[in-house]
Chemist: 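Okay, handing you the structure first.
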Protein chains: 2
Amino acid sequence: SKASNGSSIQKVMSHKERAVKCCHPLVRSLYSIMNDKETNLCMSVDFTSSEDLLQLVDKVGPHVCLVKTHIDMLEDFTTDVTQQLQRLAHKHNFLIFEDRKFGDIGKTVHTQYQGGMYKISSWAHITNAHPVPGPGIVSALAEVGKPLGRGCLMVAEMSSSGNLATGEYTKAAVKMAETNKDFVIGFISQSRLSADPDLVHMTPGIKIQMGGDSLGQQYVTPKMAITERGADVIIVGRGITGVSDPVGAAKEYKQAGYSAYLNTLNH
Amino acid sequence: SKASNGSSIQKVMSHKERAVKCCHPLVRSLYSIMNDKETNLCMSVDFTSSEDLLQLVDKVGPHVCLVKTHIDMLEDFTTDVTQQLQRLAHKHNFLIFEDRKFGDIGKTVHTQYQGGMYKISSWAHITNAHPVPGPGIVSALAEVGKPLGRGCLMVAEMSSSGNLATGEYTKAAVKMAETNKDFVIGFISQSRLSADPDLVHMTPGIKIQMGGDSLGQQYVTPKMAITERGADVIIVGRGITGVSDPVGAAKEYKQAGYSAYLNTLNH
């Protein structure tokens, strides 16, 4: 890392360096995994069957740093699923990210994060929150997650067409992150929002083939996300889960994402 | 209704008139209940035990037009709970509103609304959504909910301190509602946002004693919400569920809310 201004340092700081230098232990773990497994790929597993989910995670686990769930999509959820998921996370050395997109007042999200059927805070290393309710959402989630060493991403930008996470809204999300780094570990974003290397940028809506779906999703390629938009982690869902050879696809995304990352180190 | 401009018509149009004139059958049902039971009170039941929830709903049901749930707070959820809730809705003539605050891209919320353990669309007459993902969230939820006669509220404003649902964000939410009236039936708001009498304004964060909590919630009184802020329905949670005599409190809120409503008719 030769540059002296924040923005350039952050661009060229390697996974290996961030695995040592980042403040939050969870962020160091994540970068350590990324460095060891040579992957910046997060797989999004939007399944309705627990067996389908666990089987795919077991196969693709070796190629990802993070597995992203929507636990409330499972038709047959039991606590056994999250136990199995934790076992697979240990076996394949990845972290678990429940994409809950909390969006309520503090008192409510506190219970939703800790309690209910899902007890998200007990098994998900990472979750995320919309900034729209204001800073109370972060303090409430932190009350639950901080003692457990959990981390939260702010949904600062979205990939869907016509979304409202722009301008002052995004700036407010960045501020909530930068002022709560003991619990907020980064962003769901479509561009580099903070020069602070402690904050991880994760970008969803990634596909090797660009395009969209019929419900407003808009895709970008792994290379675009990492090289042009400054993503640290690329989140791929249907590009892996929706094809006939998910393991092959995962390897392809891993390769595309990692070589784009290596490329940023040389600039 | 004597006034000739939209804003005044909407202010003075009675529940009885709206029960006949509103476009959406669900809105007509809601106003018909409000007129018959002389209540504009929605009770928010944030319980972790199904038995506690059902017992209170059975007691307070006669005094409310709407029961608002956070179904994912229940530690012991089974499909029997939502069946019992529907039975109570029929017994006491109220509607059910699952306060899910959907906030994801279209494809995701489609599954979250229809599927998973909760099958929200199968039992909740009303749900709500953040506008932040853009119009795709409405089209996706509508694909599920419209054929079932369900309705959705846009979270256009929030009650929590420092929230970002203001200005252009709120305007975009209003536009999403006004252009999707076959499924969007109104707003979660803190003020009157649309002159269209088809759109119901529901205001949370209501307490007879003003103040706040330690996690950013800010309360207003029933009278303020209805008279000054143009709420059609007041949403009361801890003001009823957090006191020693919830039925007595519900009657008090019903009375305060309804007399404030009657007062608006005389202006």
Side-chain angles (χ1 to χ4, degrees), chain A residues 44 46-48 70-77 99-112 115-120 129-137 139-140 143 155 158-169 172-173 176 204-205 213-218 237-238, chain B residues 44 46-48 70-77 99-112 115-120 129-137 139-140 143 155 158-169 172-173 176 204-205 213-218 237-238:
Chain A
S44 171
D46 293 348
F47 288 103
T48 56
H70 282 296
I71 204 70
D72 66 341
M73 285 190 180
L74 293 176
E75 307 271 347
D76 57 358
F77 173 84
D99 187 6
R100 175 58 177 79
K101 291 193 174 68
F102 287 106
D104 217 310
I105 63 168
K107 174 86 174 162
T108 301
V109 298
H110 192 283
T111 309
Q112 289 174 323
M117 296 287 282
Y118 298 134
K119 295 176 179 52
I120 293 167
H130 284 298
V132 62
I137 193 169
S139 1
E143 267 189 29
V155 184
M158 294 189 77
S159 52
S160 44
S161 168
N163 79 79
L164 311 179
T166 58
E168 291 305 313
Y169 184 98
M176 280 187 214
D213 74 4
S214 62
L215 294 168
Q217 177 66 302
Q218 306 169 120
R238 287 171 267 176
Chain B
S44 171
D46 292 349
F47 288 103
T48 57
H70 282 296
I71 204 71
D72 66 342
M73 285 191 181
L74 293 177
E75 306 272 347
D76 56 358
F77 173 84
D99 186 6
R100 175 58 177 80
K101 291 191 172 68
F102 287 106
D104 217 311
I105 62 169
K107 174 88 174 161
T108 301
V109 299
H110 192 283
T111 309
Q112 290 174 325
M117 296 289 282
Y118 298 135
K119 294 174 180 54
I120 294 167
H130 284 297
V132 62
I137 193 169
S139 2
E143 266 189 31
V155 184
M158 294 189 77
S159 53
S160 44
S161 168
N163 79 79
L164 311 179
T166 58
E168 291 306 312
Y169 184 99
M176 280 186 213
D213 75 4
S214 61
L215 294 169
Q217 177 66 302
Q218 306 169 120
R238 286 171 269 177

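These figures come from a predicted structure and were not determined experimentally. In what follows, every heavy atom counts, from backbone to side chain, and hydrogens, waters and symmetry copies are set aside. Throughout, protein chains are lettered first and strands after them, A, B, ... in sequence-line order, and every chain is numbered starting at 1.
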Chemist: Side chain, backbone, both or neither: which part of B:Met73 has an atom under 4.5 Å from a heavy atom of chain A?
Modeler: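 B:Met73 touches chain A through backbone and side-chain heavy atoms alike.
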Chemist: Any donor-acceptor pair under 3.5 Å linking the side chain of B:Ser160 with the backbone of A:Gly134?
Modeler: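 A pair under 3.5 Å: no.
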Chemist: Does any non-hydrogen side-chain atom of B:Asp72 lie less than 4.5 Å from one of A:Arg100?
Modeler: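 They are in side-chain contact.
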Chemist: Which heavy atom of B:His130 sits nearest a heavy atom of A:Val132, and at what distance?
Modeler: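 Minimum heavy-atom separation between B:His130 and A:Val132: CE1-CG1, 3.7 Å.
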Chemist: Under 4.5 Å, counting heavy-atom pairs only, tell me which of A:Asp76, A:Ile105, A:Asp213, A:Val155 racks up the most with chain B.
Modeler: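 The answer is A:Ile105.
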Chemist: For a 4.5 angstrom cut-off between non-hydrogen side-chain atoms, does B:Leu215 reach A:Glu143?
Modeler: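 Yes. Closest side-chain heavy atoms under 4.5 Å.
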Chemist: Are A:Asp104 and B:Lys101 within salt-bridge range, i.e. N to O under 4.0 Å?
Modeler: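 Yes, A:Asp104 and B:Lys101 are salt-bridged.
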Chemist: Just jot down the side-chain hydrogen bond (donor to acceptor under 3.5 Å, both in side chains) partners of A:Ser159, sequence neighbours excluded, or say none.
Modeler: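 In terms of side-chain hydrogen bond (donor to acceptor under 3.5 Å, both in side chains), with neighbours along the sequence ignored, A:Ser159 is linked to A:Gln217.
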Chemist: Let's test your reading of the structure: which of B:Gly115, B:Ser214, B:Pro133, B:Ala173 forms the most heavy-atom pairs below 4.5 Å with chain A?
Modeler: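 The residue among B:Gly115, B:Ser214, B:Pro133, B:Ala173 with the greatest pair count is B:Pro133.
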Chemist: Could you state the interatomic distance from OH (A:Tyr118) to CE (B:Met117), rounded to the nearest 0.5 Å?
Modeler: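 One finds 6.0 Å between OH of A:Tyr118 and CE of B:Met117.
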Chemist: Hey, could you give me the CG/CD distance between A:Asp99 and B:Gln112, rounded to the nearest 0.5 Å?
Modeler: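 Atom-to-atom, A:Asp99:CG and B:Gln112:CD are 8.0 Å apart.
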Chemist: As an exercise: rank B:Gly106, B:Gly103, B:Gly136 by heavy-atom pairs under 4.5 Å with chain A and give me the winner.
Modeler: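 Option with the top pair count is B:Gly103.
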Chemist: Using the side chain to side chain contact (heavy atoms under 4.5 Å, CB included) criterion, which residues pair with A:Gln218? Sequence neighbours excluded.
Modeler: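 Partners of A:Gln218 under the side chain to side chain contact (heavy atoms under 4.5 Å, CB included) test: A:Ser161.
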Chemist: Just verifying a value: how many Å separate A:Leu164 CG and B:Leu164 CG, rounded to the nearest 0.5 Å?
Modeler: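 Output value for this atom pair is 11.5 Å.
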Chemist: Between A:Gly167, A:Ser139, A:Gly162, A:Pro204, which has the largest tally of heavy atom pairs under 4.5 Å with chain B?
Modeler: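 Heavy-atom pairs under 4.5 Å are most numerous for A:Gly162.
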Chemist: Just by modelled atom types, is the A:Thr108 backbone N or O under 3.5 Å from a matching donor or acceptor in the B:His70 side chain?
Modeler: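 Side chain of B:His70 to backbone of A:Thr108: no pair is present.
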